[in-house]
Amino acid sequence: MLGQKGVHVHLLEKGIEIDLRPRATHYAPSAVHELQRAGIADEARARGFTPKEICWRKLDGTYLAGIDQRLLSTQESERMICLPLDKLGTLLLERIKEQTTVSLKYRHKIIDVGQNAEVAWVDVETPEGKKRLEANYVIGCDGASSQIRRSLFSEFPGKTWEQQIVATNVYYPFEKWDYLDANFFIHPEHWHMVARISTDGMWRVSYGEIPGLSDEELIARQPMKFQEMFPGHPTADSGEYRLTNISPYKVHQRLAERMRVGRILLAADAAHLCNPFGGMGLTGGIVDIGGLYDCLIGIYEGKADDSILDKYDEVRRRIYEEVINPVSSGNIVRLFGQDPDKALENDDFLKLLVAAEKDEKALQVLQDGMSGIMHDFTQYYNRPNKTPEKSQAEVTANEQQAAVVV
Ligand SMILES: Cc1cc2nc3c(=O)[nH]c(=O)nc-3n(C[C@H](O)[C@H](O)[C@H](O)COP(=O)(O)OP(=O)(O)OC[C@H]3O[C@@H](n4cnc5c(N)ncnc54)[C@H](O)[C@@H]3O)c2cc1C
């Protein structure tokens, strides 16, 4: 988005290609809004699909409550998109290759950051040796173990859940048992989620596991877990399912002390983490980036001074604390922390879903909740009529504002 406006952006990636491992898959409407602004939503939807219903069930498959996403947004173009993250990355890569103002360098590993009054810089290890690269701003999008965040702060406040998660991709005919596009199962031991992630029959099954096991032990338990969880209870040697990927991972709720320190900014997992149930990690990260774009382009076009970046820091951290952290924590606890037989009596969210089947007001509460992580930063533009001092053509490459995004 910055590149489309003529801002020079240097993307630095420590790997040798974009990360092709299967990870997040679902983009909620608030993220779809940003993909639309970037001009890639229609293509992302065409390469993926629009999931329809989402529901909560007991382990034996009994349907408890759910919602058809078509009720949440009337326009198909605004609805959730499902497309595995590596495929979205491929699409982004195709688009940035068309932009002369954006460069992407692989094998560039950030080892430190710094700044003075005029510029910020990153120190990078590359195959040609160490380098220092400068720009007006450095944006740390370097994920959960962000070196940029570590260079700024010694702590990453929050907690790690003692429950572990195992994410798998698997071919199994769940539709034979009337599974909907996304199904969450409430159970103290075998809590899990089954979601369709492609149009060729692949499903993502993510499930909870007992604490304290090594990755090898978690992987060894997968056949038992599938047999307990899956309808039809297939055994590993039955050949009834085809497992294509399995990745155990730890889940966290954490928020960096600040998302802005002078000319250095943090976004997405580098700034905050949440558990994946409800898909708020990826969606929250994409919404951060849309807001940060509005702030930076406001500065670039002379419509805002750089205090708008303090607003970015304040608002995005507040939204994490008030919405993303409690809602995502509620999403995971809903699955393991209650009696499935009493869930419809006790769980306020499930009660709201049931009410929304008949009651317009309850449906409105759900619709409003979907935009709860969005924020319009253009309201802080404080120089509305100022135009850039030089037109784009008059600005030389060295003078142009640049951002290094890691
Ligand atoms: C198995 C798995 C399943 C998941 N499922 C879901 C899900 O269903 N829903 C959901 O919302 N979220 C899910 N997540 C989390 C989701 O994928 C993340 O929230 C999202 O990818 C964050 O994007 P990001 O760009 O901030 O970080 P990342 O996707 O981690 O990207 C960071 C990038 O920075 C690069 N990098 C790191 N350090 C450096 C350095 N020092 N120098 C240069 N480059 C560097 C990395 O190589 C990487 O390419 C899942 C994660 C995993 C691992």
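One-based numbering, in listed order, for ligands and for the atoms of each. The model shown is predicted, which means the values in this text are computed figures rather than measured ones.
Using a 3.5 Å distance cut-off with no hydrogens or angles, the side chains of Thr50 and Glu76 do pair a donor with an acceptor. A side-chain N or O of Gln147 and one of Ser151 form a donor-acceptor pair less than 3.5 Å apart. Donor-acceptor pairing under 3.5 Å is recorded for the side chains of Asp200 and Tyr171.
When heavy-atom distances to ligand 1 are checked against a 4.0 Å cut-off, Asp142 comes that close through both its backbone and its side chain. Looking at Thr283 against ligand 1, nothing comes within 4.0 Å, counting heavy atoms.
For ligand 1, one of its N or O atoms has an N or O atom of Gly281 under 3.5 Å away. Backbone and side-chain nitrogen or oxygen atoms of Glu13 are examined, and one is located within less than 3.5 angstrom of a nitrogen or oxygen of ligand 1. In terms of polar-atom proximity, Asp269 is counted as a contact of ligand 1, with an N or O under 3.5 Å from an N or O of the ligand. Taking any N or O of Ala267, backbone or side chain, none lies under 3.5 Å from an N or O belonging to ligand 1.
Phe174 and Phe230 have their aromatic ring centers within a separation under 6.0 angstrom. Between Tyr172 and Trp177, the ring center distance clears the sub-6.0 Å criterion. Checked against the 6.0 Å centroid threshold, His187 and Tyr207 do not count as a close aromatic pair.
Cation-pi geometry between Arg334 and Phe184 is not met at under 6.0 angstrom from the ring centre and within 45 degrees of the axis. Judged by the 6.0 Å and 45° rule, Arg260 forms no cation-pi pair with Tyr137.
Near Cys141, meaning under 4.0 Å from any of its heavy atoms, are these atoms of ligand 1: 32 (C), 33 (C), 34 (O). Applying the 4.0 Å criterion to heavy atoms of Met280 picks out, from ligand 1, the atoms 11 (O). Near Gly279, the atoms of ligand 1 lying under 4.0 angstrom from a non-hydrogen atom of the residue are 9 (N), 10 (C), 11 (O). Close contacts between ligand 1 and Gly143 involve ligand atoms 27 (O), 30 (O), 32 (C) [criterion: under 4.0 Å to a heavy atom]. Within ligand 1, counting atoms from 1 as listed, the ones closer than 4.0 Å to a heavy atom of Leu85 are 17 (O), 21 (O). For ligand 1 and Ala268, the ligand atoms under 4.0 Å from any heavy atom of the residue are 26 (O).
The heavy-atom pair separating Val32 from Tyr27 by the smallest distance is CG2-O, 3.5 Å.
Within the structure, the closest approach of His108 to ligand 1 falls below 4.0 Å when heavy atoms are considered.
Across Ala270, Ala195, Ala24, heavy-atom proximity to atom 14 (N) of ligand 1 is greatest for Ala24. Checking Arg23, Lys14, Lys105 against atom 51 (C) of ligand 1, the nearest heavy atom belongs to Arg23.
Between Trp56 and Phe349, the ring planes lie perpendicular to each other; the angle is over 60°, past the 30° to 60° tilted range.
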